Amino acid sequence: MSINHIRPWRTIERRKSRQIMVGNVPVGGDAPISVQTMTNTLTTDVAATVAQVQAAAEAGADIVRISVPDEASSKALKDIVKESPVPIVADIHFHYKRGIEAAEAGAACLRINPGNIGDATRVAEVVNAAKDHNCSIRIGVNAGSLEKHLLDKYGEPCPDAMVESGLEHIRILQDHDFHEFKISVKASDVFMSAAAYQMLSEATDAPIHLGITEAGGLTSGTIKSSIGLGQLLWMGIGDTLRVSLSADPVEEVKVGYEILKSLGLRHRGVNIISCPSCARQGFDVIKTVETLEDRLAHIKTPMSLSIIGCVVNGPGEALMTDVGFTGGGAGAGMVYLAGKASHKMSNDAMVDHIVEQVEQKAAELDAAADT
């Protein structure tokens with residue numbers, strides 16, 4: 001990655017990894033860091049699962065994972081794959097035959113947990129199915145399901161045990177001349193996850209899937225994931241990620257993108273810069289931002305919008321955004337376009353006007369990108 005000589009403190013030099021394909025999505029190498037989520041509907045409910053996949057894709061998900069716990073789910077997966085707008089990863093636990101069935105059903109990738117999929121022979125059968133059906137594989141190591149011999153060796157789940165588990169299963173895949181794999185070493189403990197991922201990044205050139213597993217609800221899980229994933233991404237570690245939340249999968253996608261956007265690693269949609277508001281605010285900042293987030297959710301073009309309650313920081317923030325609004329007095333504020341003060345607008349008409357300005361700017365940017 002080239003160094004930004006103007007602002008070197010913004011430079012993130014990504015770890016060099018080899019690239020694999022998950023369906024039509026490249027993972028690793030110089031590919032953008034992809035965002036994943038997982039459905040929480042019954043897989044056998046094809047309509048509900050497809051609807052959730054489509055909603056996640058509309059929110060920006062590049063890849064969606066679906067649990068395949070039984071044979072009926074394997075059969076349903078075939079229909080889901082046909083209707084999915086993004087590659088599907090089949091989540092396999094305990095039953096290796098589900099992995100074989102999922103490959104046959106058209107899954108783009110098989111996620112297997114080495115600690116519970118069975119012995120090396122069963123893993124080999126899953127690998128052969130992946131080869132036959134052009135599937136990639138994610139080795140999913142989890143602190144909560146490590147192999148007994150590693151728990152006996154280390155006494156408890158720890159980064160060393162997680163990485164050793166992952167490397168053992170990398171060897172199994174490589175022994176079968178299979179190299180289309182990525183790997184994760186997840187734990188619910190941020191410290192353990194971060195340490196394991198740092199060790200893993202030095203031990204293999206395989207693409208790395210990031211995640212803090214079982215992170216919690218929307219607020220607590222977002223914070224925990226942002227801390228854990230953010231520091232790893234800042235170090236250049238990670239080729240694809242999932243934010244695991246006890247929430248709607250669409251929220252996982254949104255948080256994943258916000259983490260990447262905050263580090264300048266992915267850009268999608270409107271990045272709203274807003275103040276927390278105080279007694280100086282010239283309008284209701286919190287309500288306005290909440291409304292704008294909803295009204296501008298359809299914009300996919302990367303751009304920035306500043307919504308600042310008063311003139312203390314408003315003009316300065318507007319200098320660095322595509323569109324801005326700074327609260328003033330007498331029920332009106334200043335609209336900024338391309339960093340420059342443009343015109344005044346009443347607070348009452350401000351939301352509709354900002355939406356119009358953002359949509360217009362997005363159209364201009366899209367047209368310029370097409371030329």
Side-chain angles (χ1 to χ4, degrees), residues 12 14-15 17 22 27-28 33-40 56 59-67 89 91 93 109 111-116 138-146 150 154 156-166 182-204 206-263 265-266:
I12 294 176
R14 286 179 61 188
R15 158 186 170 269
S17 63
V22 177
V27 175
I33 297 169
S34 54
V35 176
Q36 303 189 30
T37 187
M38 185 173 182
T39 57
N40 55 28
D62 302 294
I63 299 166
V64 174
R65 180 156 47 112
I66 296 176
S67 182
V89 177
D91 193 68
H93 288 277
C109 180
R111 188 274 191 178
I112 60 174
N113 188 322
N116 65 33
R138 170 157 75 92
I139 299 171
V141 178
N142 194 302
S145 56
L146 287 169
L150 292 174
Y154 290 98
E156 64 178 0
C158 64
D160 296 88
M162 294 167 70
V163 173
E164 187 169 330
S165 173
K182 51 185 174 164
I183 182 168
S184 62
V185 281
K186 293 186 179 183
S188 59
D189 182 284
V190 172
F191 293 95
M192 190 185 302
S193 289
Y197 274 116
Q198 289 175 55
M199 291 174 60
L200 181 69
S201 70
E202 297 174 356
T204 177
I208 287 179
H209 172 100
L210 292 182
I212 306 296
T213 194
E214 297 149 358
L218 181 56
T219 299
S220 61
T222 293
I223 293 170
K224 187 184 289 188
S225 296
S226 298
I227 292 170
L229 304 188
Q231 65 171 309
L232 291 165
L233 290 164
W234 203 336
M235 295 170 65
I237 298 170
D239 302 289
T240 183
L241 64 85
R242 181 211 174 178
V243 176
S244 298
L245 302 175
S246 301
D248 189 317
V250 166
E251 298 299 330
E252 295 189 349
V253 178
K254 290 179 180 178
V255 174
Y257 262 99
E258 289 302 322
I259 292 172
L260 293 174
K261 282 162 67 176
S262 70
L263 293 169
L265 292 168
R266 284 287 295 269

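Nothing here was measured: the structure is a model prediction, and the numbers come from that model.
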Can you check whether P249 reaches N40 side chain to side chain, under 4.5 Å on heavy atoms?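 In short, these two side chains touch, coming nearer than 4.5 Å.
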List the residues meeting side chain to side chain donor-acceptor pair (under 3.5 Å) with S17, not counting sequence neighbours, and say none if there are none. D239
Main-chain N/O of Q198 paired to S201 side chain as donor or acceptor, under 3.5 Å: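 Yes, the answer is positive, given that a donor and an acceptor are paired below the 3.5 Å cut-off.
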Exercise: identify the closest heavy-atom pair between V250 and A59: CG1-CB, 3.9 Å
Can you measure from CZ (R15) to CD1 (I208) and round to the nearest 0.5 angstrom? 3.5 Å
Does the side chain to side chain contact (heavy atoms under 4.5 Å, CB included) test come out yes or no for Y154 and E164, once each step is laid out? CA-CA 11 Å; Y154 290 98; E164 187 169 330; 2.5 Å; yes
Heavy-atom nearest pair, S165 first then L150, reads CB-CD1, 3.4 Å
Search all heavy atoms of V64 against all heavy atoms of A56 and return the closest pair with its distance. CG2-CB, 4.2 Å
Straight-line distance of I223 CD1 to I212 CD1, nearest 0.5 Å: 13.5 Å
Nearest heavy atoms of G211 and S193, plus distance in Å: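 Heavy-atom minimum between the residues: O-OG, 4.3 Å.
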Of all heavy-atom pairs linking I33 and R266, the shortest is O-NH1, 2.6 Å
I need the L241 CG to S184 OG distance, nearest 0.5 Å.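 Spacing of CG (L241) from OG (S184) equals 12.0 Å.
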Pairwise side-chain contact, L233 with I12, heavy-atom cut-off 4.5 Å (strictly under): no
Has the side chain of S244 got a donor or acceptor atom that lies under 3.5 Å from a matching backbone atom of E214? no
Who passes side-chain contact (heavy atoms from CB on, under 4.5 Å) against F191, sequence neighbours left out? D189
Are any of the side-chain heavy atoms of I63 and R65 separated by less than 4.5 Å? no
Interatomic distance, CG@L210 vs OG@S225, rounded to 0.5 Å, equals 10.5 Å
Verdict with reasoning, M162 to M192, per side chain to side chain contact (heavy atoms under 4.5 Å, CB included): CA-CA 9 Å; M162 294 167 70; M192 190 185 302; 3.7 Å; yes
Partner residues of T213 under the side-chain contact (heavy atoms from CB on, under 4.5 Å) criterion, sequence neighbours left out: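 Applying side-chain contact (heavy atoms from CB on, under 4.5 Å) to T213 gives N142, K186, S188.
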Can you check whether T222's main-chain N or O pairs, donor with acceptor, with S226's side chain at less than 3.5 Å? yes
How long is the straight-line distance from CG of L265 back to CG of L260, given to the nearest 0.5 Å? 6.0 Å
For residues V185 and M199, determine if any side-chain heavy atom of one lies less than 4.5 Å from a side-chain heavy atom of the other.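 They are not in side-chain contact.
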As an exercise, state the distance from OG1 of T219 to CG of L245, rounded to the nearest 0.5 Å. 9.5 Å
Y197 (side chain) donor-acceptor with L232 (main chain) under 3.5 angstrom: no
At their closest point, which heavy atom of V27 faces which heavy atom of S34, and how far apart are they?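 Minimum heavy-atom contact is CG2-OG, 4.0 Å.
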Chi angles and distances behind the side chain to side chain contact (heavy atoms under 4.5 Å, CB included) call for K182, V22: CA-CA 10 Å; K182 51 185 174 164; V22 177; 4.0 Å; yes
Step-by-step side chain to side chain contact (heavy atoms under 4.5 Å, CB included) determination, D62 to T240: CA-CA 9 Å; D62 302 294; T240 183; over 6 Å; no
